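Worksheet for the structure shown next.
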Amino acid sequence: MDPDALRAAVDRCPDTAAVLPVHIGGIVSPALDAVLTYCRERGIPVVEDAAHAFGATLGGRPAGSFGRFGAFSFFPTKVAVSGEGGLLSAALPDDAEQVRRWRDHGKSAQGSTLHDRPGGNWRLSELHAALGTVDLERFARTLAVRRELAARYDVLLADVPGLRPHAVPDGSDSNFYKYLAHLDPDGPLDRTLLKKRLRERHGVSLAGEVYDHLLCDHPYFADGHQPASSEGPFERARRFVRHHIALPLYPSLTEAEQIRVVTALRSELS
Ligand SMILES: *Cc1c(COP(=O)(O)O)cnc(C)c1O
């Protein structure tokens with residue numbers, strides 16, 4: 001999140017209820033510091049969308065520990081999984097307690113039959129929690145393997161023309177939920193054609209982008225639900241959306257498979 005763009009958006013919407021930075025691809029941006037400082041001054045709570053960022057850190061501090069809340073997803077495509085569901089981190093003990101009440105039908109206390117607020121059934125089921133617990137036991141290894149695979153891609157991609165690995169900023173330690181790279185906009189192939197050729201000629205499927213559409217371009221927002229805070233050309237975001245790719249990366253990926261992916265990229269982009 002660009003702190004200057006945030007300031008301009010909040011000036012347009014002075015009644016902003018919360019600010020939600022998204023740690024795209026599993027990278028916590030150093031720009032978060034300026035976002036946090038500004039929001040503290042304005043008294044606006046920050047809720048981190050850390051769905052991509054379980055295990056990622058900035059300055060040694062984990063994603064989800066910067067804002068008033070951090071929201072994580074354990075959906076099967078993420079780095080830590082429980083099948084469905086997630087985790088909410090809270091900076092304030094009382095906030096955590098309030099959230100426990102909301103998720104349990106707004107009951108006034110655990111086990112109480114009195115309801116003192118609106119709520120819902122937002123509990124993680126025991127079955128999903130059991131799955132998630134097992135996955136968490138091996139998470140340190142998951143994280144180490146993802147980082148090793150990413151470091152190997154960095155080396156292998158060095159001589160591939162027309163493709164620049166996305167640089168993780170200093171101080172930020174990615175969990176490599178995605179290994180992102182930027183395609184040269186003036187290169188021979190656009191992303192759609194590149195993905196098609198990789199698939200058809202080399203049997204290589206790239207991972208999904210983050211994302212292929214801007215939020216404000218989704219039909220719901222384009223159809224008059226656009227908040228005033230989302231006006232803007234968003235030129236950098238548009239460039240990113242159009243020209244980035246995500247390489248296959250999962251713990252069982254082998255070195256030979258990584259070489260095959262990079263060889264396919266080199267042959268299509270040269
Ligand atoms: C996956 C994801 C979500 C949603 O997570 P659920 O577990 O499906 O609720 C929210 N934000 C981002 C950035 C995500 O990638």
Side-chain angles (χ1 to χ4, degrees), residues 1-2 5-6 9 17-29 31-32 35-36 45-58 62-90 96 99-100 102-104 119-136 139 142-143 146 150 166 168-169 172-180 206-221 225 227 229-230 234 236-238 240-241 244-251:
M1 180 177 281
D2 175 347
L6 170 66
V19 166
L20 281 94
V22 186
H23 304 314
I24 296 279
I27 298 171
V28 185
S29 168
L32 185 64
V35 168
L36 293 165
V46 172
V47 179
E48 299 171 64
D49 181 337
H52 293 185
F54 194 78
T57 60
L58 175 66
S65 71
F66 295 93
R68 182 152 165 192
F69 292 102
F72 296 87
S73 170
F74 294 154
F75 188 70
T77 58
K78 310 298 164 87
V79 291
V81 295
S82 63
E84 191 62 271
L87 180 154
L88 193 74
S89 54
V99 169
R100 287 193 189 99
W102 285 325
R103 76 167 173 191
D104 193 18
N121 173 3
W122 298 313
R123 298 176 300 255
L124 184 66
S125 84
E126 292 291 318
L127 291 174
H128 290 107
L131 253 181
T133 306
V134 172
D135 192 54
L136 282 185
F139 185 71
T142 303
L143 193 57
R146 298 189 84 93
H166 182 79
V168 177
S172 180
D173 234 343
S174 179
N175 63 2
F176 291 100
Y177 168 60
K178 296 282 175 178
Y179 185 95
L180 301 172
L206 296 184
E209 290 83 34
V210 281
Y211 293 89
D212 55 347
H213 296 289
L214 291 189
L215 202 52
C216 56
D217 293 341
H218 285 266
Y220 177 78
F221 292 113
H225 294 96
S229 59
S230 64
F234 303 124
R236 281 188 300 172
R238 281 192 195 287
F240 178 83
V241 156
H244 78 281
I245 60 172
L247 270 56
L249 197 159
Y250 42 87

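When a ligand or atom number is given, it counts from 1 through the structure's own listing order. Given the structure is predicted, the values throughout are model-derived calculations rather than measurements.
Under the 3.5 Å distance criterion, the side-chain polar atoms of Asn175 are left unmatched by any main-chain donor or acceptor of Leu143. Between the Ser172 side chain and the Leu58 main chain, no donor and acceptor come within less than 3.5 Å of each other. In this structure, the side chain of His244 engages the main chain of Val210 through a donor-acceptor pair within 3.5 Å.
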Any protein N or O within less than 3.5 Å of an N or O in ligand 1? List each pair with its distance, or say none.
residue	atom	partner	partner atom	Å
ligand 1	5 (O)	Ser73	OG	3.2
ligand 1	7 (O)	Ser73	OG	2.6
ligand 1	11 (N)	Asp49	OD1	3.3
ligand 1	11 (N)	Asp49	OD2	2.8
ligand 1	15 (O)	His52	NE2	2.7
ligand 1	15 (O)	Lys78	NZ	2.9
ligand 1	15 (O)	Tyr211	OH	3.3

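Taking the six-membered ring where tryptophan is involved, the planes of Phe72 and Phe54 are perpendicular, since the angle between them exceeds 60° and thus also 30°. Ring geometry for His218 versus His213: interplanar angle over 60°, hence perpendicular rather than tilted (30 to 60°).
The residues Asp217 and Arg238 are annotated as salt-bridged, a charged nitrogen and a carboxylate oxygen being separated by less than 4.0 angstrom.
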